[in-house]
Structures are given as structure tokens and as C-alpha cells.
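In each ligand, atom 1 is the first atom listed, and ligand 1 is the first ligand listed. The figures here come from the full heavy-atom set of this structure, side chains too, leaving out hydrogens, waters and symmetry mates.
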Amino acid sequence: MKKDRTKKDMTEQSKENRFMEKFNKFLNLIFPPDIKCIFCGRDINHFYERPFCDKCASHLPYNIGNRCHICDEPIGNEAIVCDRCQTTKHYFKRAYCPFTYDNMVRASLLSYKMEGKKYLALPFALLIEKYMHDSITNFDVIAYVPMTTISEKARSFNQSKLLAEELSKLTHLPVVHCLKKNFDTKQQKELNYKGRAENLKDAFSVVDKTSIKNKRVLLIDDIITTCATVDECSKAMSKYALSISVCAVARNKLHKSLIDNI
Ligand SMILES: [Zn+2]
Ligand SMILES: [Zn+2]
């Protein structure tokens, strides 16, 4: 009797082992243990916790220290709101950017956008989600900065839309396709603050009011520099949405020569 039970126990145990083996294989398929650091390519085994290695972790341009409570730009003093936000009307409540647009983050954002490294959208979205912590629960939907059809075809993807889709998978907040870019605008990088805002005037419109009506919207872009793009998108949505906040992978600063040129 005792022998039978032992035999039965062993069969059960082996069934359990086989099940666990298959289950682990399945887990490894979904969460490969040898995913690489997104900045240097070293093998890491904590991708979903932190998608970069220890060495890169000590050199990354984290957006930390005192930052503007509205636009999330680093401030060199104890002020709550930066000089620009004190004099500029924004159509969004606040911004969230985990990094400044420097060194490794700048390089990987450029390769994401210019070299079509779409796989970076997931880790970037993960980094935004971690930076926002519980604030992410304050939103109902995710919107993204749109491109014109011609520009999107030329690049083959919209980098902000892809970030929105990955953030949606992580947060279960739905993506809304509520914005449209009406025409192609000049490259923002050569323009000063005033020029950037003028360049984008009326460039965006809402094409699906219902999707954001009385909703708390989180608008996503890849980089925020002067806030002109996210402001213009927020302005278009502000007639319908309950509130709008914005997020991006990196917070950039306008080059000094362009600031002086105001
Ligand atoms: Zn690394
Ligand atoms: Zn500010």
C-alpha cells in the first residue's frame, strides 16, 4: 500500500516537473532571460525591471534634481516653476520625462527614430511608466503626437504612436487616435522659441472628439524641447478633454544660440 502510494507520488512529481519545465520554457519564450541592455548591448536578466545594465545605469542622464513642476525641465535653483512657464500659457497640466536628452539617451533616441530601431519603443515606454509611478493611474486614455500621412510613410512608422501602443500594453490604458497633423511643418530644430510656436500654429486638429470627451488624457511624444508641439496638440484637445498631461522619453533644452535669438 505504502509502496503504491510512493509510486503514485513519484508519478505525480514527474508530471509536475514536466509541467514546470514546459511552463518555464513558455516563460523564457515570452521573457527571454538574455535580453540585452538597450544602450550598450550587454546581456541582462532584469529587462522588465530595468532595461539597461549596471554600467550604463551609472552614466545615464536621469532627469533628477529640482525640476519645473509644469514642464519637468531641470531648474538650477529652488524655484517651483521655471522662468518660461511663469510667463507662458500651457494647455497641459504637467510633463513627465525620465531623462534629459544627452549622451546615451540621445544616441538611442536618434537610432530609434532615424535608423528604424522600433524594438526600442517597448523599453522606452517601460522607462516612462516607471518614472510616472502611480501618476499613471490618473489617466483614462493615451494620445500621441501625429505625423502627416506623407511623413509617416517616408519614415515607415510614427515614433510617438509606437510609444503610445507600448505604454498602452503596460498600463492597459487605451490608445486614442484623436489627433491629425494638418500639414508638414518646417524642422523645429533650427527655430527659436517664438519660431517653433508659429511654425506649429493650427498644425494639429482633433478628428475624434468622442474618444477624449471628458477624459483625462496622457499625450506622448519622444522628446520635449520647447513644449511647442505638445502645447499645440493639447490646445486642440483642450476643448473636449477633461485634462491633459504630457510625457516623453527625454527633456531637451533649446541650444543657447536659439534662446538668445528670441
Ligand atoms: Zn549597458
Ligand atoms: Zn517649466
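Around atom NE2 of His177, more than 12 heavy atoms belonging to other residues, nucleotides or ligands sit under 6.0 Å away. Annotation: Ile80, atom CD1; neighbour count of heavy atoms from other residues, nucleotides and ligands within 6.0 Å does not exceed 12.
Note on Val249 and Val145: separate hydrophobic clusters, where clusters join Ile, Leu, Val, Met, Phe, Trp and Tyr whose side-chain heavy atoms are under 4.5 Å apart, directly or indirectly. Residues Ile136 and Val141 fall into different hydrophobic clusters, defined by Ile, Leu, Val, Met, Phe, Trp and Tyr side chains chained together at heavy-atom separations under 4.5 Å. A continuous path of ILVMFWY side-chain contacts below 4.5 Å connects Val175 to Leu173, so both sit in one hydrophobic cluster.
Protein contacts to the Zn ion (ligand 2) involving N, O or S atoms at a distance below 2.8 Å are Cys68 SG, Cys71 SG, Cys82 SG, Cys85 SG.
Between the SG atom of Cys37 and the SG atom of Cys56, the angle taken at the Zn ion (ligand 1) works out to 110° after rounding to 10°. Geometry at the Zn ion (ligand 1): SG/Cys40 and SG/Cys53 form an angle of 110°, nearest 10 degrees.
With a 6.0 Å cutoff to the six-membered ring centre and a 45° limit on the axis angle, Lys89 counts as a cation-pi contact of Tyr91.
For Glu198 and Lys201, the salt-bridge test fails: no basic side-chain N is under 4.0 Å from an acidic carboxylate O.
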